Amino acid sequence: MENIDQLLKEMEQEAQTTKKMLAIVPIDKSAWKPHEKSMGLMQLAMHVAELPGWVSMGLTTEELDFATTPYDNKPVASTKALLEFFEKNLVDGVSHLKKAKPEDLLPKWTMRNGEQIYTVLTKGELIRVSISQTIHHRAQLGVYLRLLNVPIPGSYGPSADDMRF
């Protein structure tokens, strides 16, 4: 099982890279998508910005049922508002995780749509998934931005745009 301190450290480290990516989302391209089956740019950016809040949701609920809980992030009108949304979710997630005890990570948590079960995880596993999803969707966001010719900041070292040749 994950150590709460390790999860907190990783959340806070990944938040730094996530902030850099969200800060360069071109709001005027909100509806842009690389493929008809892809999320739009703003939908993806909002999902990245909301994911730290899944830590709080996981620690304070037993499930997310899309059949009874509307799941729709409203787009924001500015980069500042996008960053504020992310920061609010990050502060909330970190705050809940700091108060958690190891035994709080053990109960099961379910994602469903009515009778259709998508996944059943421990609350600790859900926190791990939320961090992994942040990294995964942030990488998708990087591809979107690259295709829009937006210079990409480095994640775990310099990016090609950071390099001086």
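It should be emphasised that the depicted structure is a prediction, and the values quoted were computed from it without experimental measurement.
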Practice prompt. Apply side-chain contact (heavy atoms from CB on, under 4.5 Å) to I135 and T17, showing your working.
Written response: CA-CA 9 Å; I135 296 164; T17 302; over 6 Å; no
Transitively linked via ILVMFWY side-chain contacts under 4.5 Å: [X] with [Y]?
X	Y	result
V143	M21	yes
I131	V91	no
V120	Y118	no
L148	M42	yes

Only counting residues at least two apart or in another chain, list the ones meeting ring-ring contact (aromatic ring centres under 6.0 Å, His included) with H96.
->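 Once residues adjacent in sequence are excluded, H96 has no partner under the ring-ring contact (aromatic ring centres under 6.0 Å, His included) criterion.
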Note to self: Y144: which residues meet the ring-ring contact (aromatic ring centres under 6.0 Å, His included) condition with it, sequence neighbours left out?
What the structure shows: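 Partners of Y144 by the ring-ring contact (aromatic ring centres under 6.0 Å, His included) criterion, ordered by chain and then number, come out as W32.
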Once rounded to the nearest 0.5 Å, what's the spacing between atom [atom1] of [X] and atom [atom2] of [Y]?
X	Y	atom1	atom2	value
T79	E84	OG1	CD	11.0 Å
L41	L145	CG	CG	6.0 Å
I4	K99	CD1	NZ	13.0 Å
L64	M57	CG	CE	5.0 Å
L90	E14	CG	CD	11.5 Å
I117	E63	CD1	CD	7.5 Å

Donor-acceptor pair, [X] side chain versus [Y] backbone, under 3.5 Å?
X	Y	value
K123	W109	no
S56	G93	yes
Q6	N3	yes
R138	S155	no
N89	P52	no
D104	K101	yes
D162	S159	yes

Measure across [X] and [Y] and return the closest heavy-atom pair with its distance rounded to 0.1 Å.
X	Y	answer
A49	L22	CB-CD1, 4.0 Å
K20	G154	NZ-O, 2.8 Å
L126	G58	CD2-CA, 3.3 Å
P151	I24	O-CD1, 3.4 Å

Crowding at [atom1], [X] (>12 non-hydrogen neighbours, <6.0 Å):
X	atom1	answer
E115	CD	no
N149	CG	no
K33	NZ	yes

Check: Quick one: do the H136 and Q133 side chains pair a donor with an acceptor below 3.5 Å?
Finding: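 No, because no side-chain N or O of H136 sits under 3.5 Å from a partner of the opposite role on Q133.
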- [ ] Before giving the answer on side-chain contact (heavy atoms from CB on, under 4.5 Å), spell out for K19 and E87 the whole-Å C-alpha distance, their side-chain angles and the decisive distance to 0.1 Å.
- [x] CA-CA 9 Å; K19 285 178 196 176; E87 191 63 34; 3.2 Å; yes
### Query
After noting the C-alpha distance and the side-chain angles of L59 and L105, does the key distance pass the side-chain contact (heavy atoms from CB on, under 4.5 Å) rule?
CA-CA 7 Å; L59 289 169; L105 304 181; 3.9 Å; yes
side-chain contact (heavy atoms from CB on, under 4.5 Å), that's the test. Do L82 and M46 meet it? Break it down for me.
CA-CA 7 Å; L82 178 61; M46 290 295 291; 3.7 Å; yes
- Would you say T122 and K108 make side-chain contact, with heavy atoms under 4.5 Å?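 Yes, their side chains come closer than 4.5 Å.
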Are the side chains of V48 and F86 in contact, using a 4.5 Å heavy-atom criterion?
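They are not in contact (no side-chain heavy atoms under 4.5 Å apart), so the answer is no.
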